[in-house]
Number of protein chains: 2
Amino acid sequence: MSRPLPQKRATVHDIAAAVGMSRGTVSRVLNGGYVSAEARAAIEAAMTDLGYVPNNAARALKMRRSQAVAFVAHEPHSLFLDDPNIGSIMLGANAALSLADHQMVSLVVESARDNERVARYLSGGFVDGAIVVSARTNDPIIKVISDLALPAAFIGHPPDLAQHIPFVGIDNVGSAVAITEHLVSTGRRRIGMIAAALDRDSGIDRLNGFRDALGPLFDEELIADVPHYDYGSGVKGMRDLLEREPGIDGVFAASDAIAAGALEALREAGRSVPGDVGLVGFDDSTWAVRCQPQLTTVHQPAKELGSCAAQVVLRQLSGETVETTRQLLPTPLVLRDSA
Amino acid sequence: MSRPLPQKRATVHDIAAAVGMSRGTVSRVLNGGYVSAEARAAIEAAMTDLGYVPNNAARALKMRRSQAVAFVAHEPHSLFLDDPNIGSIMLGANAALSLADHQMVSLVVESARDNERVARYLSGGFVDGAIVVSARTNDPIIKVISDLALPAAFIGHPPDLAQHIPFVGIDNVGSAVAITEHLVSTGRRRIGMIAAALDRDSGIDRLNGFRDALGPLFDEELIADVPHYDYGSGVKGMRDLLEREPGIDGVFAASDAIAAGALEALREAGRSVPGDVGLVGFDDSTWAVRCQPQLTTVHQPAKELGSCAAQVVLRQLSGETVETTRQLLPTPLVLRDSA
DNA sequence: TACGGATGTGTGAACGTGCACACAGTAGGA
DNA sequence: TCCTACTGTGTGCACGTTCACACATCCGTA
């Protein structure tokens, strides 16, 4: 079980000794300060010569900063496969952190074991802050962040038990209202919804927005309830709706993937889109432009969500007090061919 | 620019002082050793009381081990969006590392800036090893890993300049041969290929396998060369092939996404699949079962690639010398409806 | 000449941890 | 009685870094 120690690497002492100076001067070359041109040149030469790389662990220990920010993704299994947004959120966050010369490290939480280990990791000083995507309510990670006052930002699921932790998201209710009103404005009257993930607030909010926007046109019978935001759920949900109400002329799918599945079911049933049925999605993911016809949908600013959350964490790191604890990003409607 | 130091946290000293014992005893309850039952109880009580969490940075500095392994993903923009495999590879790696109580940290490389920062990160002692996905030939990260003798494993793209670094992948040539032979066995004679990513070895190998398998049936005219493994490339490539050879009756698409695009182009052109044209893909991704008809394809063992690479790194970490430096995982054919 | 400031360099301490070692007490066997 | 083995605890040092401080030198000016 005992492991061999890794290869010994050059330290500030080694290069100081190599050029006959003290470690202080070497440190000054690295971090700024008064150093003569000759000394600097000699030290830099020795550094490349001995292949010196500063030890992050030692630096983090002394400085109490690691220049790293965690990106914690929950249940990525479904996220990676069904929701193309998680990748864009990551890239947005990475870009923003990169500009501030911070390293983004993504941590995947799939099991209880992962959860505990990630919580330990977050509290151990390897990261200065965290961006947390779609955590569940009673997540131990929320507790750790709250207890340690770790600079953090949540995306996609506000942490109800720790109201002081900043949150960045979209207005699911408002977006659902807007896209539903679009359906109505195109003359549809028997409008249904394929509602998904009603155990998450994103799913609930989209359904609520749909109900609000429809008002008297709303019919409980025209809600198909499916578990996930994926293609298969879309196929099933649409078949369900068609069976219940053959005269349906408008459908709001809770995601683009669902809409793509619905499109397939409509094709099976011989219905044309947008001729017979107007169909709208949610996300503006790659699904939206792959479909035939292309989807009218709600643009989800995934990249911006990521970079915005990163900014929030970086601001906390630089000592600013973050005032706006809940921030909602705009979600423009994207009008294409499906409705 | 100067930042406030994070909140002071309890250390071994603090809890030792709290119970009137020495730090050594505290260390022993953490890491094992002779401790009396009363002492252990008192110390554990003080730990939860003061909210003690061990400092990873200090531990890593002292132990020269961080219990963390990096997962480096290159150009994730295209990977996350077009290739659903990267997510599965990550999850496979995470599961294997998790079992060995190691933390997987994913690092995204998108820009030259990222590249440099990640290289620094890898060499700084925050991770004990690295899993690298699809690195390019002259990648500075390869150099760092090689120079520091960092335990590592490559996936998807063997590091040509550092032959001693272990590699886990699939036999692209053999897989392409197998799936092409399947096409031939179903009676197709005018068989084309939509070849993609011919700047990567995966793309080149798949084309070579196709050529080898076809033998005298091979026709250079029936190769459509597209840049990426994505849907749009598939549409374009298939239109191209149809224009060049209207009598084409078999197509090998270099990926499932490409095959899905090809399916769309074939539908446009009024060709039925598999009636008029036999179509096969590569990857066995979610695309394969979404298509109508479902795709016959090559199963890419994404999860296994990840876990296998993780095992290789873990073995190096435990001091074993890794003998098999190049390891290819089996890629069974998945026969569905498209050919 | 003396003095203050700017420039350049060395030294000691500290960050929080784990481990080797030292030490004390007890028990058992020669 | 002494020696050894085992249990339990305390102490010093090292990991590699940064920073405050001390010290040294040089220059310009009063």
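Below, chains carry the letters A, B, ... as their sequence lines are ordered, and counting in each starts from 1.
When the C1' atom of C:dT17 is taken as reference, atom CD of B:Q67 falls 15 Å away, rounded to whole Å. We find that CG of A:L30 is positioned 11 Å from P of D:dC19, with the value rounded to whole Å. Atom CD1 of A:I43 and atom P of D:dT17 are 13 Å apart (whole Å). For A:R40 and C:dG8, the CZ to P distance is 10 Å, given to the nearest whole Å. Put simply, NZ on A:K62 is 11 Å from C1' on D:dG16, counting in whole angstrom units. Taking atom CG of B:L61 as the reference point, atom P of C:dG18 lies 11 Å away to the nearest angstrom. Atom NE2 of B:H13 is separated from atom C1' of D:dC13 by 12 Å (rounded to the nearest Å). Atom pair A:D14:CG and D:dG16:P shows a separation of 8 Å (rounding to whole Å applied).
Comparing C:dT11, C:dT17, D:dG10 against the side chain of A:S22 picks out C:dT11 as the nearest. For A:M21, counting side-chain heavy atoms from C-beta on, the closest listed nucleotide (C:dT17, D:dT9, C:dG10) is C:dG10. In the set D:dT7, C:dT17, C:dG10, the nucleotide with an atom closest to the side chain of B:Y34 is D:dT7. Out of C:dT9, C:dG16, C:dG18, the shortest distance to the side chain of B:T11 is found at C:dG16. Taking every side-chain heavy atom of B:N55 into account, C:dT17 is the closest of C:dT17, D:dG16, C:dT11.
Sequence order on DNA chain D of the closest nucleotides to A:S27 and B:V35 puts B:V35 first from the 5' end. Projected onto DNA chain D by closest heavy-atom contact, B:A58 and B:E38 fall at different nucleotides, the more 5' of which corresponds to B:E38.
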Q: Decide side chain to side chain donor-acceptor pair (under 3.5 Å) for A:N94 and A:S98; before the verdict, give the C-alpha distance in whole Å, the side-chain angles of both, and the deciding distance to 0.1 Å.
A: CA-CA 6 Å; A:N94 185 63; A:S98 185; 5.3 Å; no

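Checked by distance alone, A:R23 brings a side-chain donor or acceptor within 3.5 Å of a matching partner on the base of C:dG12. Side-chain atoms of B:R28 come within donor-acceptor range of the base of D:dG10, with a qualifying N/O pair under 3.5 Å.
For B:T25 and D:dG10, the shortest distance from a side-chain N or O to OP1 or OP2 is below 4.0 Å. The side chain of A:S36 places an N or O atom within less than 4.0 Å of a non-bridging phosphate oxygen (OP1 or OP2) of C:dT9.
For the residue pair A:N115/A:H74, the side-chain donor-acceptor check at 3.5 Å is not satisfied.
Remark: the backbone N or O of A:S66 is paired with a side-chain donor or acceptor of A:D128 at under 3.5 angstrom.
A salt bridge is absent between A:R9 and B:D147; no separation between the charged side-chain nitrogens and carboxylate oxygens falls under 4.0 Å.
The aromatic rings of B:F126 and A:F126 are tilted relative to each other, their planes meeting at an angle between 30° and 60°.
Backbone-only contact: A:A39 has heavy atoms under 4.0 Å from sugar-phosphate atoms and none from a base.
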